[in-house]
Amino acid sequence: MSRSHRQEGPDRLYVITSGRSTGADESLDAVTLIVAESEPAPGMQSEHAEILRMCGSGPMAVVEISAHLRLPVAVVRILLTDLLDSGRVTARHPRPAPSPATPLASPDVLEKVLVALHNL
Amino acid sequence: MHSTTSEPPAPDAAPVPLLATAEQALKIAVVGGFGVGKTTLVRSVSEIRPLNTEETMTRAGDGVDDLDGVEAKRSTTVAFDFGRITLDATSVLYVFGAPGQERFWFLWDRLFSGALGAVVLVDTRRLADSFYAIDRLEAQGTPFVVAHNDFGESSHGLDEVRSALDLDPGVPLVRCDARERDSAKQVLIALVRHVRSLVTEGSR
Ligand SMILES: Nc1nc2c(ncn2[C@@H]2O[C@H](COP(=O)(O)OP(=O)(O)OP(=O)(O)O)[C@@H](O)[C@H]2O)c(=O)[nH]1
Ligand SMILES: [Mg+2]
């Protein structure tokens, strides 16, 4: 059966985030890569411990953490902000999002993507 | 019948970490109406079994602080799936598939901002499902290509599809079979080439 939060309702999300729905680090993109900097510690909130295990053997994107925990990205962002604040994880952010001034990716990056796609 | 949850939730696939050296992630978005083949396309190109997640958002937006009570009842849930392609030791590309209808765009702005570009997947039996996505991408200046996912129904030429969609001549239109890796990959290549041509033009 699905362990989707949709079935569980908002109560679980409320508990997991200790009632917070704001205060997440706004720079955390869906594809920011997260690396664990410490082991899970006893007494830690289970979702925090789970994230540290997940990101302990290599970087993991925010959205992948969300899929594996079956929690919305918005909630994972709040959990990750706790871990970032306490130095238990670090974040590798995507290059600055394209803006009106620089709307598109660099030719080097595009070339790299094309080569990889051709080799797929 | 199609719905955003037509895919049964994958039994928990173990997380597959990225290379330790991975530091840079890119995104491409695949949008389209229900049942048009978004999940199929993502699966065809992904190196991991596609994952999915659900977002719940209140329409009222950022001003709403409490998740309980009346406001929560106005929330909308949307499922999307994604896969990934390792580009090299330091870079990885995420390909997201998500419904393109107007009521889901509140999610897009947040999750897919900064994407390299988008693929609008269309089914000639339900072309109107893609009108909103095309308008929106045009309006916000996100580079995109349109891919006609061929369900074998098509006696339509691509020219007919182009005019039915009232597509700008500058937007590439390709045909694909989302079930075939090579065909799905050609769609992504068409998009990246298109983005590249825009970059080159822009720098002249
Ligand atoms: N004949 C044919 N069938 C396809 C093709 N692409 C997808 N399908 C089938 O169409 C059905 C819907 O495809 P999905 O990939 O689930 O579509 P979707 O856009 O993710 O659907 P929702 O998430 O429910 O909106 C599946 O049964 C696919 O096997 C195609 O290119 N040709
Ligand atoms: Mg789908």
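When reading the values below, keep in mind they use all heavy atoms of this one structure, side chains included, and skip hydrogens, waters and symmetry mates. Chain letters run A, B, ... following the sequence lines, proteins first and then strands; every chain starts at 1. What you see is a predicted model, and the numbers here were worked out from it, not measured in a lab.
- Judged by distance alone, with hydrogens and angles left aside, the side-chain atoms of B:Lys185 form a donor-acceptor pair with the main-chain N or O of A:Leu120 at under 3.5 Å.
- In plain terms, the two heavy atoms of A:Glu64 and B:Val16 that are nearest each other are OE1-O, 4.0 Å.
- Nearest heavy atoms, A:Ala67 versus B:Asn52: CB-O, 3.4 Å.
- Heavy-atom distances place both the backbone and the side chain of A:His118 under 4.5 Å from chain B.
- Contact count versus chain B (heavy atoms, under 4.5 Å) is highest, among A:Asn119, A:Leu33, A:Thr32, for A:Leu33.
- When heavy atoms are compared at a cutoff of 4.5 Å, A:Arg77 approaches chain B solely by way of its side chain, counted from C-beta outward.
- Neither the backbone nor the side chain of B:Thr142 comes within contact range of chain A; no heavy atoms are under 4.5 Å apart.
- At a threshold of 4.5 Å between non-hydrogen side-chain atoms, the residues A:Val63 and B:Lys27 do not count as touching.
- The choice from B:Leu51, B:Leu93, B:Val45 that makes the most heavy-atom pairs within less than 4.5 Å of chain A is B:Leu51.
- Between B:Leu87 and A:Val113 there is a side-chain heavy-atom pair separated by less than 4.5 Å.
- Around CD of A:Glu39, the count of heavy atoms belonging to other residues, nucleotides or ligands within 6.0 Å does not exceed 12.
- With a 4.5 angstrom heavy-atom cutoff, B:Ile189 touches chain A via backbone and side-chain atoms both.
- In this structure, B:Leu116 and A:Leu110 have side chains that are in contact, with non-hydrogen atoms separated by less than 4.5 Å.
- For the residue pair A:Leu71 and B:Thr53, the shortest heavy atom distance occurs at O-OG1, 3.7 Å.
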